[in-house]
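Notes follow once the structure below has been shown.
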Amino acid sequence: MGAGPAGLCAALRLQQLNYRVALVERSPRWPRPQIGEALTPGVKNIIDFLDANQALEKVPHLARLPTRLRWQSHTPEIVAHSNSAVVNRAAFDAALLQLARERGVQVYQPASLTRVSGQAGAWQLNFATPAGQQQIQACFILDARGRSPQHIACAPRLSASWVELAHTDIPVGLAHLTQVEAVEHGWLWGTHLPDKRYRVMLLCDPATQHQLMPGRPEVWLRANCASSQLFTAIAELPFAGRLQACSATPYLAYDSWQEGRLKLGDAAFALDPISSSGVEKAMRFSLQAVIAIHTVHHTQQASRHELAREFFQRRLIETCARHSLWTQRYYAQVWCSHHAFWRERAVPYPDTLKLTADASTHALFDALQQEFEHLQNYRQPELKRQPFLREHQAIRFSRDVKVIKAPCVMNDQVQLWPALQHPHLESPLAFLENEALLPRLAILSHQPTLAAVLGILSQSMSIHKARRLLEWLWQRGLLEATH
Ligand SMILES: Cc1cc2nc3c(=O)[nH]c(=O)nc-3n(C[C@H](O)[C@H](O)[C@H](O)COP(=O)(O)OP(=O)(O)OC[C@H]3O[C@@H](n4cnc5c(N)ncnc54)[C@H](O)[C@@H]3O)c2cc1C
């Protein structure tokens, strides 16, 4: 359900894996307008993986717009972007939907869900379309309907309000670049759009706006532009169309995994828009969710189902925790970090949930907090600078290396596979450069020479790659010479 990037990515991937897919989109207006147009480079890799490049060729976009950024210091800097793009999201989503249709996905649009009955593996969905009531049977239901009302907030409240300028009104200095500026009460983002309009958006705490300029969002936006350095020229200009607004508070939804029923994209989690990576993360998570579904579909074993659930939940928590920490650190860098908006966001979000939520929400919240603390305490190791080990030296794993079993993706399914755990690793490591490290490196328990290990590894990969992998482990202190 939902033909945004998350739902479309899942539909296209499931179709590649030979599932029969039905996609239900509510919007009667199509292509429907949508924000979230600045795409990070990783979207391109996902599009390649879905074999969808051709379908997107005609989508209007502006590639490699540089960003003028006023963030850490009063003086703006120009940041170049080699692989990012600002797309027309309506056209982007519409092109992917058209591709899904052409590849055999059954699309119901416009259609609105009226009833869900049955159970995991045998759902019945009823929905209303202009042609009347429809019913389909489904093994899985994927909810990709966008922002979820039931969630754990991962940061203080944030709202977005934006307006557009007509092509003819864009000040000369703003054309053909994106601008981002930290101001006292939030941050401003502005960009040229592929259809030549210019959009300016303010992200701030809705409570501040309510307190300082209640009921006058447009005046509030203009006041913030006027107090800025990069957007002053916009403060007095006429706006093309009315001001629009939405919530932008980052969150994690409570119940993204229910048996046979999963949430994807913004339905499962929302990230702070400062990174402009919501679309990429939504699509990436859909690919991971498909792996979980594929695993459940291919086995009756309860333990594998549990593994799939664990994999899904871990990816969800990791995505939110990593992004929260990144945002917190990025917000801490601003030139105006002494102001309340920035102070509140530069520290971990307070633990207020315990007062309100039920047991399963607590478990999710605790897992999120644990991951957050783990990432916060993790320090990248200093890489060894000495020359790599010599071939005659006997080698072994460092004493701090533990071998554990971790959920890994193999043949598009989740499987338990041996992985290395070490304080210098952010998370357990099973594969390096797509090569399984274990059981190949189990031989290290016999303390062989480097030459012997290279000999074994080079039976299944190039000697250069084998050397590179061992050097990678050695530089991080996972591998050592015996003395
Ligand atoms: C202010 C702001 C700025 C952002 N800027 C960026 C950015 O620059 N770059 C970026 O990558 N991300 C950005 N994001 C995030 C990005 O917009 C989202 O992460 C992304 O759109 C999520 O995709 P999705 O498919 O989960 O949801 P959506 O894109 O919201 O798609 C959901 C779809 O479900 C449909 N739907 C809703 N209800 C139903 C229903 N009942 N039945 C059937 N269909 C339904 C909707 O019509 C819609 O088509 C921004 C977010 C905000 C809030």
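Please read these numbers as outputs of a predicted model, since none were measured by experiment. Just follow the structure's listing: the first ligand is 1, and inside any ligand the first atom is 1.
Thr67 and His81 form a side-chain donor-acceptor contact under 3.5 Å, judged by distance and modelled atom types alone. Donor-acceptor pairing under 3.5 Å is recorded for the side chains of Asp48 and Asn53. A side-chain N or O of Arg304 and one of Gln413 form a donor-acceptor pair less than 3.5 Å apart. Counting only N and O atoms by type, the side chains of Glu373 and Gln369 include no donor and acceptor under 3.5 Å apart.
In Arg322, the CZ atom is crowded: over 12 heavy atoms of neighbouring residues, nucleotides or ligands sit closer than 6.0 Å.
Residue-ligand proximity: Ser112 is placed with every non-hydrogen atom at 4.0 Å or more from ligand 1. At least one heavy atom of Met201 sits under 4.0 Å from some atom of ligand 1. Ligand 1 does not have Leu113 within reach: every non-hydrogen atom of the residue lies 4.0 Å or more from it.
Of the listed residues (Ala38, Ser159, Ala267), the one carrying the non-hydrogen atom nearest atom 8 (O) of ligand 1 is Ala38.
Of all protein heavy atoms, the one closest to atom 27 (O) of ligand 1 is Gly146 CA, 3.7 Å. Glu25 OE1, 2.7 Å is the protein heavy atom nearest to atom 49 (O) of ligand 1. Counting protein heavy atoms only, atom 31 (O) of ligand 1 is closest to Gly4 CA, 3.4 Å. Looking from atom 52 (C) of ligand 1 to the surrounding protein, the closest heavy atom is Ile35 CD1, 3.9 Å. At the shortest separation from atom 18 (C) of ligand 1 among protein heavy atoms lies Asp266 OD2, 3.4 Å. In terms of protein heavy atoms, atom 15 (C) of ligand 1 is closest to Gly278 CA, 3.9 Å. When hydrogens are left out, the protein atom nearest atom 32 (C) of ligand 1 is Ala144 O, 3.4 Å; that is the closest non-hydrogen contact. Nearest non-hydrogen protein atom to atom 3 (C) of ligand 1 is Pro273 CB, 3.7 Å.
Within the 4.5 Å cutoff, the side chain of Glu184 has no heavy atoms near those of the Trp342 side chain.
Counting the atoms of ligand 1 from 1 in the order shown, those under 4.0 Å from a heavy atom of Glu37 are 7 (C), 8 (O). Counting the atoms of ligand 1 from 1 in the order shown, those under 4.0 Å from a heavy atom of Val24 are 43 (C), 44 (N). Close approach of ligand 1 to Val279 (heavy-atom distance below 4.0 Å) involves ligand atoms 10 (C), 11 (O), 12 (N), 19 (O). Close approach of ligand 1 to Arg89 (heavy-atom distance below 4.0 Å) involves ligand atoms 17 (O), 21 (O), 29 (O).
Between Gln34 and ligand 1, at least one N/O pair is under 3.5 Å apart. Ligand 1 has no nitrogen or oxygen under 3.5 angstrom from a nitrogen or oxygen of Leu203. Of the N or O atoms in Ser276, one or more lie within a sub-3.5 Å distance of an N or O in ligand 1.
Glu433 pairs by the salt bridge (Lys or Arg N to Asp or Glu O under 4.0 Å) definition with Arg468, not counting sequence neighbours.
Residues Arg68 and Glu77 are not paired through a salt bridge, judged by the lack of any N-O separation under 4.0 Å between the basic side chain and the carboxylate.
A side chain to side chain donor-acceptor pair (under 3.5 Å) check over residues 5-19, counting only residues at least two apart or in different chains, returns the pairs Arg13-Gln16, Arg13-Asp412, Tyr19-His294.
A centroid separation of less than 6.0 Å is found between the aromatic rings of Phe127 and Tyr108.
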